[in-house]
Amino acid sequence: MSDAPTSGTIEIVNDLGLHARAAAKLVGLANKFESDIFLAREGREVNAKSILGVLMLACGKGSTVDVRAEGPDAEEAYAAVAKLIQEGFGEL
Amino acid sequence: MIARGADPPDASQSLGRRACRGIAASPGIGIGPAYLVDRRRIQVPHYAIERAAVRDEIGRFREALRATQEQLEAIKARLPHGEHRQILKAQQMMLRDPDLMHDVEGRIRDQLVNAEWAMIEVAGDVERTLREAADEQFRERSSDVAHLADQVLRNLLGAGDCRIDPPAGAIVIAYDLSPADTAELARADVGGIVTEVGGRTSHSAIMARSLEIPAVVGVEGLTKNVQTSDMVVVDGIHGCVVVRPDPVEVARWEEARRRYDAFEDRVQRDHALPATTLDGVHVTLRANAALDEEVASAVFHGAEGVGLYRTEYVFMNRKAPPSEEEHYRHAKAILRRLSPHPVTFRTFDLGADKVAGYVRDVHGGENPALGVRSLRLALREREMFIDQIKGLLRAALHGPLRIMLPFVSGREELEAALAVFEEAKARLAEDGMAHAVDVPVGIMIEIPAAALAADRLAPLVDFFSIGTNDLIQYTLAIDRENDDVGYLYEPLHPAVLQQLRIVRDAADRAGIPVSLCGEMAADPRYTWVLVGLGLRELSMHPSAIPVVKNIVRQSSFDEMKALAEQVVAASSGREAEALVREVVAPRFREHLEHGGADGLDSAFESALDADAGPGTKT
């Protein structure tokens, strides 16, 4: 048992924010994990495996999202998603 | 579009003349009555269902999602790379969205309503949320969702409903046309297309170019100022639209159209003449085709056969792979239509961005463009591959048929593919089926490895065909769908030209023909360079043939060769491009312009702007 985190708050750093292509990347990544992964912003929580959900968060640059993973591979899932967002979806 | 709650059309519009600017999307001038596409009139049925019918209703919804998925796939596969494909990809991802399915099916189950209503309600919530977003790019996505919902709705209602049906000669005016709408336009003989949204790479623009319909996109606010049957002029060369022009102006536009069409006729008139240079070098111009309309267009534009027949579409939009018999009949019919010219059938190039529903077990991996696709997939789906080859070998008895293998990367892979031919022949002999035994088999050169090692592959095959789209993409390591690296897309990059020479030399040494079948072949800018490099067969979109042929007929091989030698020595792709521009632009200005702004870089356009045609000042 490790104590790696499964949730946290992350800032969107890339210029375009969580736009369509970034959302597609995030959903593609989320779908590789068995765990449920949720993103929340301003009281709305969505399924990170749903592209419509992720788009509806309308996260622009500078906004923050709460990421939470639940399930057998929650630690890896959280780490991977957090890394993708922190690295600006490869767009920096 | 299903924009419930949207503003009604502005009733207080002025009925005078109105000129607007937009983006020239497909060249040509169209003059005719407007046909306004108003998607707001779609009635969404709303009725209660029995609890016992819930299962069937959910089944109907899933079937509509599946059908929509395949329609998008088919449309996407027909389009060149670019932004529009990104949008289709995102739409396809939306169709697989687990929340969308969960919510719609939940509504059907809990509220006992029909699938159409449940779907429209869920999609409506998504659209509304997106429309309220502060950021414009999220607001724009709401129209993608609306189009998608519309298409699923059409599938639920059954084909035939909600189709746009403009009369011949009409100018189609819409806020936006969905991919499905543009596919419908393929069937209608419209005079022009104008949309409020979209850029040069929108579906509407691409489809218009491929159907040779004059089009202008990005004309804001137009739908509120036009009514069906108003007179409209579309200038797809300069990007102008005039609504309700006065008679004097109409006469002026008719003159401009006459001149444009005269050039079109002039080049088309030569369609039956050989593409032979002034000094007697013949260049065989063939068509790339996949669809019925393209086969007809190939014949009309004087193609000497089909240099690339894409068979993927025979595999798509269906539940099981085609049988040997279907391949046989399909190929036989195509041969008959192009007789006496040859047709090169490329075996299925599925995978990466083109999928068929029944091949689901193969994962594209992290990077599908480098994964199991095309020939690699064929060698895994061996029975599917054998059936296709058996069908083609049988059809070869009915005309000059050639078979081309895509995406070959090396010798062993090619040998494995050729072994499949032997097995196909053995099985046909066993079944006592008549078939041709001497069908020419060639390969696409589209992977740099195959280009650089072409001399190792040449002894095993009867011809080469260079697929420049993929070859350029893999050589320069750029994804053309990624706009951020689009500036690196340089067909005249020294590394690309070098490979063209290597392939040509390998083919010459082996005594086999080599053709070129990428988008580069259709671009009037590159005709001189390609022919000058020694290529004697170019295969392209059929509508590009007359212009390319006209260039060939007005040029001497010597001058083409001289330019090619200079270009090959250039130190960069840009420098090469500039050399070409200097020589080709002044001599073939009309040809370059006529070919549409398609593929013209900005430097080229500014060279042309200096002498732009009439209508620019309206």
Side-chain angles (χ1 to χ4, degrees), chain A residues 11-65 68-71 76-77 80 83-84 87-92, chain B residues 65 69 82-104 106 119 121-149 152 353 363-368 479 481-485:
Chain A
E11 186 182 339
I12 305 287
V13 291
N14 58 314
D15 286 342
L16 293 173
L18 244 177
H19 64 108
R21 203 173 307 163
K25 264 190 192 171
L26 190 135
V27 172
L29 177 69
N31 272 307
K32 293 191 176 141
F33 296 97
E34 214 178 305
S35 298
D36 292 323
I37 306 168
F38 302 95
L39 302 182
R41 176 177 175 244
E42 293 176 355
R44 177 193 283 271
E45 185 173 73
V46 301
N47 176 0
K49 296 180 183 180
S50 157
I51 185 155
L52 292 171
V54 173
L55 282 175
M56 281 196 290
L57 284 186
C59 295
K61 184 181 185 178
S63 57
T64 57
V65 279
R68 180 166 65 84
E70 275 176 17
E76 295 94 320
K83 182 164 179 277
L84 181 70
E87 291 178 354
F89 304 93
E91 292 170 5
L92 293 184
Chain B
L65 287 183
Q69 187 76 257
E83 183 69 25
H84 49 286
R85 285 180 62 150
Q86 296 277 8
I87 293 166
L88 280 178
K89 273 185 167 174
Q91 285 192 331
Q92 287 185 305
M93 204 169 204
M94 289 174 190
L95 284 172
R96 290 191 298 266
D97 193 305
D99 285 10
L100 174 75
M101 283 191 247
H102 177 265
D103 291 357
V104 172
M119 199 265 307
E121 289 271 295
V122 172
D125 286 346
V126 177
E127 279 172 58
R128 263 189 298 281
T129 309
L130 288 172
R131 265 206 309 274
E132 285 159 11
D135 194 324
E136 191 196 343
Q137 55 162 340
F138 291 105
R139 292 201 298 272
E140 280 178 7
R141 294 282 79 77
S142 76
S143 78
D144 293 352
V145 176
H147 281 321
L148 192 66
V152 176
D353 50 7
H363 291 283
E366 287 277 329
N367 198 337
D479 178 356
E481 294 191 22
N482 184 340
D483 302 333
D484 299 332
V485 293

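Because the structure is predicted, anything quoted here is derived from the model rather than measured. Here is the naming used below: chain letters follow the sequence lines, and residue numbers restart at 1 for every chain.
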inquiry  = Out of A/Gly17, A/Cys59, A/Ala23, return the one with the most heavy atom pairs under 4.5 angstrom to chain B.
reply    =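 Top count of heavy-atom pairs under 4.5 Å with chain B: A/Cys59.
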request  = Considering only heavy atoms and a distance below 4.5 Å, find which of A/Leu16, A/Val27, A/Val46 pairs most often with chain B.
outcome  =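 Highest number of heavy-atom pairs under 4.5 Å: A/Leu16.
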I need the [X] [atom1] to [Y] [atom2] distance, nearest 0.5 Å.
{"X": "A/Asn31", "Y": "B/Met93", "atom1": "CG", "atom2": "CE", "answer": "6.5 Å"}
{"X": "B/Met94", "Y": "A/Leu55", "atom1": "CE", "atom2": "CG", "answer": "5.5 Å"}
{"X": "B/Leu100", "Y": "A/Ile51", "atom1": "CG", "atom2": "CD1", "answer": "11.5 Å"}

key: Donor-acceptor under 3.5 Å (B/Asp99 side chain, A/Ser50 main chain)   =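 Flag not set: sc B/Asp99 to bb A/Ser50 has no pair under 3.5 Å.
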request  = Would you sort out whether A/Arg44 and B/Thr129 count as a side chain to side chain contact (heavy atoms under 4.5 Å, CB included), showing the intermediate values?
outcome  = CA-CA 11 Å; A/Arg44 177 193 283 271; B/Thr129 309; 3.1 Å; yes
ask   = Of the options B/Val126, B/Asp125, B/Val145, which is the one that meets A/Met56 in a side chain to side chain contact (heavy atoms under 4.5 Å, CB included)?
value =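 Answer to the side chain to side chain contact (heavy atoms under 4.5 Å, CB included) test with A/Met56 among B/Val126, B/Asp125, B/Val145: B/Val126.
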task = Assess whether atom CD of A/Glu45 is packed by more than 12 heavy atoms of other residues, nucleotides or ligands within 6.0 Å.
result =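 Above 12, so yes.
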